[in-house]
Protein chains: 2
Amino acid sequence: MNADASGGKTLMNGNEKLEKARERIIESIAQNIHLYGLTPSAGRQYGTMFFHNEPLTLDDMTEELGMSKTSMSTSVRALSDLKLVERAWKRGVRKDLYQVKDDWYQSFLDLFSIKWRRSVSFHSAAIRRSLAELEELVIDPAIDDGLREEVTIDIEKLLYLRDYYEWLDRLVDAFEDHDIFNLVPIKKPEKDTPNK
Amino acid sequence: MNADASGGKTLMNGNEKLEKARERIIESIAQNIHLYGLTPSAGRQYGTMFFHNEPLTLDDMTEELGMSKTSMSTSVRALSDLKLVERAWKRGVRKDLYQVKDDWYQSFLDLFSIKWRRSVSFHSAAIRRSLAELEELVIDPAIDDGLREEVTIDIEKLLYLRDYYEWLDRLVDAFEDHDIFNLVPIKKPEKDTPNK
DNA sequence: AAGTTCGTACAGTTTTTTCTGTACAAACCA
DNA sequence: TGGTTTGTACAGAAAAAACTGTACGAACTT
């Protein structure tokens with residue numbers, strides 16, 4: 001079991017060490033993926049795929065994670081919806097193959113875009129409607145002055161919100177268009193240059 | 001009940017209209033607050049506070065939302081942790097008073113900062129550790145070449161992640177320092193200027 | 001066309017989260 | 001000091017979410 005031929009100070013062999021180092025990262029992803037609105041299981045799935053150098057099938061994942069194929073199917077779909085994972089092809093393989101997208105910067109931008117764009121348009125629609133209603137209400141001569149004042153205050157608030165979501169929309173634009181990299185540049189493009 | 005003195009085309013009176021307009025916004029917030037990691041209930045609580053022009057006590061919220069005081073207490077804490085809500089004081093009132101922070105831009109930046117900063121440092125720590133272990137492992141003469149190659153690949157991956165989180169950290173800086181407003185400016189500062 | 005294989009819809013179960021009521025400590029009041 | 005009032009910890013109930021097994025349609029094989 002613990003036979004260790006080398007004169008090292010550890011009881012673990014090399015494979016175990018590698019596995020442990022990977023496991024730590026995977027667990028770290030699992031614990032933080034809630035920021036992406038995903039479950040720890042999906043995070044573990046992602047992490048597993050991340051360290052596999054070949055694309056995986058649903059059956060592979062079932063094997064690796066000891067979970068049902070149904071679960072693998074649903075969570076790989078969730079990962080794909082957020083563009084964290086993409087399909088791959090390999091000739092001769094009939095099963096669907098999946099692999100992680102390797103550009104994490106882009107994945108982050110995609111996440112941001114998908115999540116917040118949806119939110120902005122949802123909110124904007126609600127604000128537009130309520131604003132229209134209140135602007136109609138405020139000029140209604142039949143309402144009393146106390147109410148009119150309340151309505152006026154609410155209109156102010158909604159105008160503020162409208163501006164805010166308009167700003168948020170432009171922020172998403174800046175992410176989508178990669179303008180954000182002008183403000184916060186990526187240091188090392190892809191390859192690391194030797195010696196500084 | 002539906003006595004409507006005005007000659008309007010609606011059956012609702014002014015108060016109902018106002019209430020409906022508010023309700024739409026509140027529900028919109030409730031449906032989207034999951035982006036902040038909060039429950040719809042907390043969102044409704046926030047929305048209710050948003051339209052109240054006076055700070056609210058826990059008992060007020062219990063009244064407004066028909067939920068237990070315990071729930072109000074826990075979710076107002078969650079809202080405070082994300083700096084969406086702050087305590088207020090009013091002389092003569094013994095109870096704790098809460099109100100929404102009125103700067104949504106700042107709230108957004110706070111959220112971003114709180115959520116992602118924590119994530120970055122968590123990930124970075126894991127990466128540092130695993131990287132150290134693997135760099136020790138890769139120079140171990142006792143491991144075979146197949147394993148060494150795998151370890152080398154993983155080290156590459158971890159270096160990539162390290163760069164990525166370093167970038168994310170700088171991105172959070174840019175938000176915290178308000179540099180983001182240089183890239184995506186707020187249009188109307190606070191007050192809306194009449195006639196452009 | 002019959003037989004496989006694969007992915008997912010769906011219903012039911014397990015697990016997790018949210019919510020409530022009770023209980024109690026701290027602060028205030030008289 | 002004894003009596004309120006206020007906020008929250010905690011245990012249990014209710015609600016929601018995650019997960020599994022079965023079933024089935026679609027695509028491929030022969």
Side-chain angles (χ1 to χ4, degrees), chain A residues 26-27 29-49 54-82 84-100 115, chain B residues 26-27 29-49 52 54-82 84-99 115:
Chain A
I26 291 173
E27 210 48 41
I29 293 171
Q31 299 298 319
N32 282 278
I33 199 105
H34 68 271
L35 290 171
Y36 288 66
L38 299 172
T39 62
S41 291
R44 233 163 276 126
Q45 194 174 3
Y46 180 85
T48 303
M49 293 171 76
E54 294 293 317
L56 291 173
T57 67
L58 292 179
D59 289 317
D60 293 336
M61 301 175 200
T62 296
E63 173 81 14
E64 288 274 348
L65 298 166
M67 289 178 70
S68 73
K69 196 172 176 181
T70 305
S71 285
M72 296 301 98
S73 175
T74 54
S75 47
V76 89
R77 175 198 290 273
L79 288 166
S80 300
D81 286 348
L82 292 180
L84 291 170
V85 153
E86 65 189 351
R87 297 198 47 181
W89 278 268
K90 212 158 82 178
R91 38 173 304 117
V93 178
R94 286 215 290 110
K95 302 183 184 184
D96 292 359
L97 287 166
Y98 298 95
Q99 63 190 1
V100 305
K115 293 260 169 205
Chain B
I26 292 173
E27 210 48 40
I29 294 170
Q31 299 299 319
N32 282 278
I33 199 102
H34 64 89
L35 290 171
Y36 288 65
L38 298 173
T39 61
S41 292
R44 233 163 276 126
Q45 194 173 2
Y46 180 87
T48 303
M49 294 171 75
H52 253 269
E54 294 293 317
L56 292 173
T57 66
L58 292 180
D59 289 318
D60 293 335
M61 300 176 201
T62 296
E63 174 81 12
E64 289 273 349
L65 297 166
M67 288 179 70
S68 74
K69 195 172 175 181
T70 305
S71 284
M72 295 303 96
S73 176
T74 54
S75 47
V76 91
R77 176 198 290 272
L79 288 166
S80 300
D81 286 348
L82 291 180
L84 291 170
V85 153
E86 65 189 351
R87 295 199 49 182
W89 278 269
K90 211 158 84 177
R91 42 172 301 118
V93 179
R94 286 213 290 110
K95 303 181 183 184
D96 292 359
L97 288 166
Y98 298 95
Q99 64 190 2
K115 294 259 167 201

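Each chain gets a letter, A, B and so on, in the order the sequences are listed, and its residues count up from 1.
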Measure from the side chain of [X], starting at C-beta and using heavy atoms only, and say which of [options] lies closest.
X: B:R77; options: C:dT8, D:dG21, D:dT8; answer: D:dT8
X: A:M67; options: C:dC28, D:dT20, C:dT8; answer: D:dT20
X: B:K69; options: D:dC19, D:dT8, D:dT5; answer: D:dT8

Open item on the list: Please classify the nucleic acid contact of B:S71 as base, sugar-phosphate, or nothing, using heavy-atom distances under 4.0 Å.
Closed with: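 Base, at least one base heavy atom under 4.0 Å.
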Open item on the list: What's B:S68 touching, base or sugar-phosphate or nothing? Going by heavy atoms closer than 4.0 Å.
Closed with: base
Interatomic distance where [atom1] belongs to [X] and [atom2] belongs to [N] [whole Å]:
X: B:H34; N: C:dT17; atom1: NE2; atom2: P; answer: 17 Å
X: B:Q45; N: C:dC19; atom1: CD; atom2: P; answer: 10 Å
X: B:L58; N: C:dA26; atom1: CG; atom2: P; answer: 19 Å
X: A:K95; N: D:dT29; atom1: NZ; atom2: C1'; answer: 16 Å
X: B:R87; N: D:dG7; atom1: CZ; atom2: P; answer: 8 Å
X: B:L65; N: C:dT20; atom1: CG; atom2: C1'; answer: 15 Å
X: B:L38; N: D:dA16; atom1: CG; atom2: C1'; answer: 17 Å
X: A:M61; N: C:dC6; atom1: CE; atom2: P; answer: 14 Å

TODO: Check if the side chain of A:S73 and the base of C:dG7 share a donor-acceptor pair of N or O atoms closer than 3.5 Å.
DONE: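 No such pair is found, so the answer is no.
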Open item on the list: Looking at the base of C:dG21, is there any donor atom on it, or on the side chain of B:T70, that sits under 3.5 Å from an acceptor on the other one?
Closed with: yes
Open item on the list: Quick check: on DNA chain D, is the nucleotide nearest A:R94 upstream (toward 5') of the one nearest A:G66, or the reverse? Name the residue that is more 5'.
Closed with: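 With A:G66 and A:R94 compared, the 5'-side residue is A:G66.
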Open item on the list: Heavy-atom count check: over 12 atoms from other residues, nucleotides or ligands less than 6.0 Å from B:E63 CD?
Closed with: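 No, CD of B:E63 has 12 or fewer neighbouring heavy atoms, counting only those of other groups under 6.0 Å.
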Task: Under 4.0 angstrom between A:S41 side-chain N/O and D:dC19 OP1 or OP2 - done: yes
For [Y], is there any backbone N or O sitting under 3.5 Å from a side-chain donor or acceptor partner on [X]?
X: B:T62; Y: B:L58; answer: yes
X: B:S75; Y: B:A78; answer: no
X: A:T48; Y: A:R44; answer: yes

TODO: Could you tell me whether the side chain of B:Q45 reaches within less than 4.5 Å of the side chain of B:M67, counting heavy atoms only?
DONE: no
